[in-house]
Colleague: 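Sharing a structure below in C-alpha cells format, with a few things to ask.
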Amino acid sequence: MIGHYPLFTVSPNEEEGYFNLPIPKRQQLLQLFKEYNVKAYLSGHTHKTVINKYEYIQLVSGETTSKNFDQNPLGFRVWKVTSDRIEQHFVALED
C-alpha cells in the first residue's frame, strides 16, 4: 500500500499533527490493513527516515531525492517483494 502521509511517526496512539493522519482515519486504515493482510505501507511527507511496525505491517516513510530534514543523504529505497518476504534497503545518490 502506498500513500503520501505516514499513519504515525512514533506510535499508533500519538496525537494528530502535521506529519501523521488524524487518529480516527489512522485507526480505520490500520484495521483495513489487518483485514486485507497488507504487509507494508510506504509513504513520504516527512522528508526523513521513519521506520515503524504495527503488528506484522511495515510502515516506512523514506528519504527523498530533494531535501531531507534529518542528516541522511539524498536517495531512495529499493524494495524486493517475494511470496514470503518483503525486504528494503536505502540507496544513496552520489554527489
Colleague: Any link between Phe8 and Tyr56 through a network of hydrophobic side chains (Ile, Leu, Val, Met, Phe, Trp, Tyr) touching at under 4.5 Å?
Modeller: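 As far as the 4.5 Å side-chain criterion goes, Tyr56 and Phe8 are connected within one cluster.
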
Colleague: In Å, rounded to the nearest 0.5 Å, how long is the span from CD1 of Ile86 to CG of Leu42?
Modeller: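 With rounding to 0.5 Å, CD1 (Ile86) is 8.5 Å from CG (Leu42).
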
Colleague: State whether a side-chain donor-acceptor pair under 3.5 Å links Thr82 with Asp84.
Modeller: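 Result is yes, a qualifying pair exists.
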
Colleague: Side chain of Asn68, backbone of Pro73: donor and acceptor closer than 3.5 Å?
Modeller: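 Answer holds: yes.
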
Colleague: Consider only side-chain heavy atoms of I, L, V, M, F, W and Y, link residues closer than 4.5 Å, and tell whether Ile23 and Leu29 are in one cluster.
Modeller: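 No.
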
Colleague: Answer yes or no: is there a donor N or O on one side and an acceptor on the other, between the side chain of Arg26 and the main chain of Leu7, under 3.5 Å?
Modeller: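 Yes: the side chain of Arg26 pairs with the backbone of Leu7.
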
Colleague: With distance as the sole test, does His47 use its side chain to make a donor-acceptor pair with the main-chain N or O of Phe69 at under 3.5 Å?
Modeller: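 Not at all, since once roles are kept as given, no pair shorter than 3.5 Å links the two residues.
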
Colleague: May I ask whether Tyr5 and Ile2 are part of the same hydrophobic cluster, defined by side-chain heavy atoms of I, L, V, M, F, W, Y residues being less than 4.5 angstrom apart, directly or through others?
Modeller: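 Different clusters: Tyr5 never reaches Ile2 through Ile, Leu, Val, Met, Phe, Trp or Tyr contacts under 4.5 Å.
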
Colleague: Let's go through Trp79 and Arg77 carefully: what are the C-alpha distance in whole Å and the side-chain angles of both, what is the deciding distance for side chain to side chain contact (heavy atoms under 4.5 Å, CB included) to 0.1 Å, and is it a yes or a no?
Modeller: CA-CA 6 Å; Trp79 289 79; Arg77 292 204 166 263; 3.7 Å; yes

Colleague: With rounding to the nearest 0.5 angstrom, report the CG to OH distance, Leu30 to Tyr41.
Modeller: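 Leu30 CG to Tyr41 OH: 10.0 Å, rounded to 0.5 Å.
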
Colleague: Taking only residues two or more places apart in sequence or in another chain, which ones pass salt bridge (charged side-chain N to carboxylate O under 4.0 Å, His left out) with Glu87?
Modeller: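 If we apply the salt bridge (charged side-chain N to carboxylate O under 4.0 Å, His left out) test to Glu87, skipping adjacent residues, the hits are Arg85.
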
Colleague: Does atom CD (Glu15) have a neighbourhood of more than 12 heavy atoms from anything else shown, all under 6.0 Å?
Modeller: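 Result for CD/Glu15: open.
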
Colleague: Judged by atom type as modelled, is there a donor-acceptor pair below 3.5 Å linking the side chain of His45 to the main-chain atoms of Asn20?
Modeller: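 The answer is no, because no donor-acceptor pair under 3.5 Å joins these two groups.
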
Colleague: Any Lys/Arg nitrogen of Lys48 or Glu63 sitting under 4.0 Å from an Asp/Glu carboxylate oxygen of the other?
Modeller: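 Judged by the 4.0 Å cut-off on N to carboxylate O distance, Lys48 and Glu63 do not form a salt bridge.
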
Colleague: In terms of hydrophobic clustering (I, L, V, M, F, W, Y; side-chain heavy atoms under 4.5 Å; direct or indirect links), are Phe90 and Phe76 co-clustered?
Modeller: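 Looking at the clustering, Phe76 is in a separate group from Phe90.
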
Colleague: Hydrophobic clusters here meaning ILVMFWY residues chained together by side-chain heavy-atom distances under 4.5 Å, can you tell me if Met1 and Leu21 are in one?
Modeller: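 The answer is yes; both residues are in one hydrophobic cluster.
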
Colleague: Is the backbone N or O of Pro6 less than 3.5 Å from a side-chain atom of Ser61, with the two atoms forming a donor-acceptor pair by type?
Modeller: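 It does not hold such a pair.
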
Colleague: Asn52 side chain to Gln58 main-chain N or O, any donor-acceptor pair under 3.5 Å?
Modeller: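 No, the answer is negative, given that no donor and acceptor are paired below the 3.5 Å cut-off.
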
Colleague: With rounding to the nearest 0.5 Å, note down the distance linking CG in Leu93 to CG in Leu74.
Modeller: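 Here the interatomic distance stands at 6.0 Å.
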
Colleague: Just wondering, do Ile57 and Lys39 contact through their side chains at under 4.5 Å, heavy atoms?
Modeller: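 No - every pair of side-chain heavy atoms lies 4.5 Å or more apart.
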
Colleague: Distance-only, no hydrogens or angles: does the Glu14 side chain make a donor-acceptor pair with backbone N or O of Thr9 under 3.5 Å?
Modeller: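 Judged by distance alone, yes, a pair lies under 3.5 Å.
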
Colleague: With a sphere of 6.0 Å drawn around NZ of Lys25, does it hold more than 12 non-hydrogen atoms of other residues, nucleotides or ligands?
Modeller: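 At most 12 heavy atoms, drawn from other residues, nucleotides or ligands, come within 6.0 Å of this atom.
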
Colleague: Which atoms form the tightest heavy-atom contact between Thr49 and Asp70, and what is the distance?
Modeller: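 Scanning both residues completely, I find the closest heavy atoms to be N-OD2, 3.0 Å.
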
